[in-house]
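Computed from a predicted structure; not experimentally measured.
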Amino acid sequence: MPSPPNDNAASGSADGAARSLLPRLRRMPPAERQARALDAALARIAAADETQRLDALAALVDALRPARPRLAEPAQTQLQRLTERVREDPAVRASLRDALVWLLGSKQPLRLFTESGVLAQESFFAGLRRRLGERLLPEEWRGDELRDCLARLFDRDTDHVWVGAVADDVWVALLDALDFSAARLPAAPGEQAVMSLQILDALQVVSYRIASIGLEPEFVRSYPAIERYESPFLMQNVEVHAFIAERRAAAAEKRAVALDDKQLLMLLDQCRKIIDKVRKQAAQTGASVSLTVLLVRIEQKIERLRVLLALLEDRPTHELNGVRVQFLKALVRAENRRHSIRELWSQTADLLSSRVIENASKTGEQYITTTRSEYFGLLNSALGAGFVVVVAAFIKLALSGEARAPFGEAVVYSLNYAAAFVLMYVCHFSLATKQPAVTAHRFARSIEEAGARRRIEALAEIVVRTFRSQFVAIAGNLLIVVPVALLIADLMYAQTGHYYVGEAKARHLLEDADPLDPRVWAWAAITGIWLFLTGLISGFYDNKAAYDRVPQRLRQLRWLRALLGRRGIERLATYIDLNLGGLVGSIAFGIMLGTTAALGRVLGVPLGSLHVTFVSANCAYAIVTLDGGLSGGEIARLCAGVAVIGLLNLGVSFTLALSVALRAQRIHFTDTRALLFELGRRFLRRPQHYFWPPRDPPADTPQ
């Protein structure tokens with residue numbers, strides 16, 4: 001936000017005097033320097049007229065601002081020093097209070113109260129274009145808008161950090177010391193305070209917007225009962241009209257208000273209950289991005305309406321100042337982040353992850369074993385996946401023997417990988433590295449579901465079960481991949497007299513498992529990112545199948561019914577309903593693995609992907625070619641490289657998926673140390689449970 005133009009000579013001379021003090025201030029001790037800066041800002045406020053007050057207030061904020069935004073203690077000390085000055089010196093109190101009263105009473109706050117901190121109704125690309133345009137050509141600064149003035153006062157993008165870090169009671173103490181009850185805002189007709197009138201105007205605007213969203217077809221589609229019964233989204237608007245009319249009439253007639261906000265708050269509670277029902281329904285029938293945006297926006301507007309009502313309540317000044325402080329912090333953060341591209345991306349990621357999280361978490365439950373029967377079932381499915389990997393690696397090595405253009409290489413490799421992953425999915429085989437992207441979502445759900453008292457124990461239990469499941473899946477994959485690949489390579493040599501992989505190619509394959517090569521770490525991490533995206537894509541299409549009613553629409557196709565018959569189309573629709581996400585995710589993962597290297601060739605960048613199971617199979621083929629040419633140290637180094645690739649595949653995908661899952665469910669987990677302590681205690685007591693499941697409980701014992 002650009003600074004407002006200021007040609008006033010007095011202001012210029014004051015700025016010059018302030019600049020002349022800078023060298024002396026820098027030589028002073030920090031405490032004295034801060035005190036002098038505060039005194040100078042307060043003196044400037046006392047001497048300022050209406051054309052200089054905004055700049056004077058900005059100088060005060062600058063005196064409060066710490067050198068580093070995350071260091072809240074200096075700012076808190078300055079605020080406490082300011083509070084003492086305000087309490088002790090009536091002149092300072094009067095001048096600062098008059099400046100703030102002037103700011104609040106003479107500027108238009110409607111946009112600030114109704115729009116700041118509320119998600120805009122725009123797409124990601126529209127928001128990106130707007131933010132980039134504003135960086136090149138900033139918006140016009142409007143001195144009559146309170147929103148622009150707030151952005152002028154807190155004009156650094158990091159101001160919200162220290163403003164939010166300072167304790168609420170410190171801010172409240174300053175507002176208490178200013179004693180706004182001793183001053184009156186400029187009065188409107190009927191002696192009604194201007195700010196109260198403006199809050200009423202903001203109430204009306206926000207209420208209309210809530211009613212409008214409640215009538216959106218996308219919203220009604222998810223909750224048709226709104227059309228059959230009286231909608232609380234509409235009724236709250238009627239109640240707001242009555243509330244505002246009574247407030248205005250009471251002010252004009254100089255009497256007590258006869259209508260409180262209890263009925264309005266009850267209607268807002270009903271609106272929240274409907275929003276919760278829509279969310280639960282969306283978990284079953286899917287949700288579009290537009291519906292997700294509507295739910296977020298209407299929640300934010302309902303919360304804003306509550307805050308505005310709280311600002312009008314007749315309550316002790318100290319309590320009211322607490323509400324004002326919370327509102328101020330929210331507004332400062334919103335204005336600081338209004339032009340941020342990073343904030344836009346964060347909002348978009350939240351919306352997209354919220355759309356797919358429920359389906360992904362359901363998928364993750366099947367990959368976390370509890371009983372021994374589930375454990376061995378996962379082992380069997382992992383063995384099957386290992387065999388498919390051996391065959392797919394065999395085919396890929398054959399395809400790599402012929403030189404191709406990048407596009408042709410990407411096509412054939414993608415088809416090979418995609419066919420392998422789809423076959424694994426259709427046959428219910430388990431590839432270990434594909435599990436973290438969905439088990440992380442289940443882990444996040446367990447954080448939300450666990451009670452406060454047993455949260456750490458419940459989380460530790462699911463971590464142990466997840467680790468045990470990942471261990472048996474990886475073991476099952478590698479128990480088949482390495483021996484079968486060695487066997488196939490030996491058989492090929494016995495039948496043809498030639499090694500399946502040439503010596504130069506074999507050396508190259510072993511380089512892909514060198515743990516000291518930075519390229520190996522980077523490519524394994526890239527594969528972890530692809531695995532994470534696979535989980536999101538699967539959840540997205542599972543959601544799409546439910547929301548777009550794909551199975552029901554398939555059942556209506558007459559030509560498909562004639563081709564497959566009634567039973568065949570029913571089986572197809574049911575299968576698509578349950579498996580569309582898994583199939584699309586498998587295809588997408590194959591395409592990502594198959595195109596990475598080709599994309600790197602096109603861009604002239606050394607790109608690639610390393611998947612632990614495919615690398616293990618390739619190394620097994622290469623070892624047969626070298627026929628004992630590897631020393632024990634080289635074999636150990638090779639095993640270490642495979643371990644590094646596996647850890648990066650699993651770690652990157654799980655970390656990304658968990659962070660998105662926690663963000664989507666608005667969970668802030670801060671008990672990491674306690675969780676690690678509990679995991680360590682369990683490992684010392686029963687380390688075998690990390691690798692081997694406990695005995696299955698009797699059939700009549702509840703689990």
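Residues T527 and L593 are in side-chain contact: their nearest non-hydrogen atoms beyond the backbone lie under 4.5 Å apart. R297 has its side chain within reach of K301: a pair of non-hydrogen atoms, C-beta onward, lies under 4.5 Å apart. When side chains are defined from C-beta on, M592 counts as touching T534, because their heavy atoms get closer than 4.5 Å. L557 places none of its side-chain heavy atoms less than 4.5 Å from the side chain of R553. L265 has its side chain within reach of L268: a pair of non-hydrogen atoms, C-beta onward, lies under 4.5 Å apart. Side-chain contact between F467 and L679 is absent, with no heavy atoms from C-beta onward closer than 4.5 Å. F376 is not listed as a side-chain neighbour of P693, based on a closest heavy-atom distance of 4.5 Å or more. You'll find the side chain of I587 stays beyond 4.5 Å of the side chain of F421, heavy atoms only.
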**Prompt:** How far apart are the C-alpha atoms of S116 and R338, what are their side-chain angles, what is the distance that settles it, and do they pass the side chain to side chain donor-acceptor pair (under 3.5 Å) test?
**Reply:** CA-CA 8 Å; S116 290; R338 181 154 58 107; 5.7 Å; no
**Item:** Intermediate values then yes/no, side chain to side chain contact (heavy atoms under 4.5 Å, CB included), H611 and V389
**Value:** CA-CA 10 Å; H611 190 278; V389 167; 5.9 Å; no
**Message:** As a quick check of understanding, evaluate side chain to side chain contact (heavy atoms under 4.5 Å, CB included) for R272 and E299, giving each step before the final call.
**Reply:** CA-CA 7 Å; R272 291 300 301 266; E299 281 185 322; 3.9 Å; yes
**Message:** Between M235 and Q263, is the side chain to side chain contact (heavy atoms under 4.5 Å, CB included) condition met? List the steps.
**Reply:** CA-CA 10 Å; M235 294 306 298; Q263 178 67 19; over 6 Å; no
**Request:** Start with the C-alpha gap between N416 and L399, add the side-chain angles, then the distance that decides, and say whether side chain to side chain contact (heavy atoms under 4.5 Å, CB included) holds.
**Result:** CA-CA 9 Å; N416 178 50; L399 294 173; 4.2 Å; yes
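A distance-only check finds no donor-acceptor pair linking the side chain of N237 to the backbone of A211 [under 3.5 Å]. At least one donor-acceptor pair under 3.5 Å links the side chain of N649 to the backbone N or O of L610. Using a distance-only test at 3.5 Å, with no hydrogens or angles considered, a donor-acceptor pair links the side chain of S400 to the main chain of L397. Under a 3.5 Å cut-off, the side chain of S414 and the backbone N or O of V411 do not form any donor-acceptor pair. Looking only at distances, no side-chain donor or acceptor of S653 sits under 3.5 Å from a matching main-chain atom of G528. Y375 contributes no side-chain N or O that, together with a main-chain N or O of P694, makes up a donor-acceptor pair within less than 3.5 Å.
In this structure, Y208 has its ring center under 6.0 Å from that of H241.
Taking OG from S609 and CG from L531, the interatomic distance works out to 10.0 Å, rounded to the nearest 0.5 Å. Expressed to the nearest 0.5 Å, how far OH of Y541 lies from CG of L583 amounts to 12.5 Å. Between the CG atom of L431 and the OG1 atom of T613 there is a distance of 5.0 Å, given to the nearest 0.5 Å. The CD1 atom of I210 sits 4.5 Å away from the CG atom of L305 when rounded to the nearest 0.5 Å. Rounding to the nearest 0.5 Å places CD1 of I298 at 5.0 Å from CD1 of I275. The distance from atom OG of S207 to atom CD of Q204, rounded to the nearest 0.5 Å, is 8.0 Å.
When all heavy atoms of V390 and I480 are compared, the pair lying nearest together is CG2-O, 4.1 Å. Of all non-hydrogen atoms in P232 and L267, the two that sit nearest each other are CB-O, 3.9 Å. Closest non-hydrogen pair, T655 versus G651, comes out as OG1-O, 2.7 Å. Taking each heavy atom of S538 and G585 in turn, the nearest pair found is OG-CA, 3.5 Å. Here the closest heavy-atom approach between residue S430 and residue N477 is recorded as O-ND2, 3.2 Å. Closest approach of S373 to T371, counting heavy atoms only: OG-OG1, 2.9 Å.
Evaluation of the salt bridge (charged side-chain N to carboxylate O under 4.0 Å, His left out) test over residues 404-430, restricted to residues two or more places apart or in two chains, returns E402-R404, E409-R601. For the salt bridge (charged side-chain N to carboxylate O under 4.0 Å, His left out) condition, the pairs that include at least one residue of residues 568-587, sequence neighbours left out, are R555-E570.
The number of heavy-atom neighbours closer than 6.0 Å to CD of Q552, taken from other residues, nucleotides and ligands shown, is above 12. When the shell of 6.0 Å around CZ of F387 is examined, it contains 12 or fewer heavy atoms from other residues, nucleotides or ligands. Heavy-atom neighbours of F407 CZ from other residues, nucleotides or ligands within 6.0 Å: at or below the threshold of 12.
Partner Y417 forms a ring pair (Phe, Tyr, Trp, His ring centres under 6.0 Å) with one of F589, W530, F614 and no other, that one being F614.
A salt bridge is absent between D261 and R306; no separation between the charged side-chain nitrogens and carboxylate oxygens falls under 4.0 Å.
Scanning for side-chain hydrogen bond (donor to acceptor under 3.5 Å, both in side chains) contacts around T114 gives an empty result, with sequence neighbours left out.
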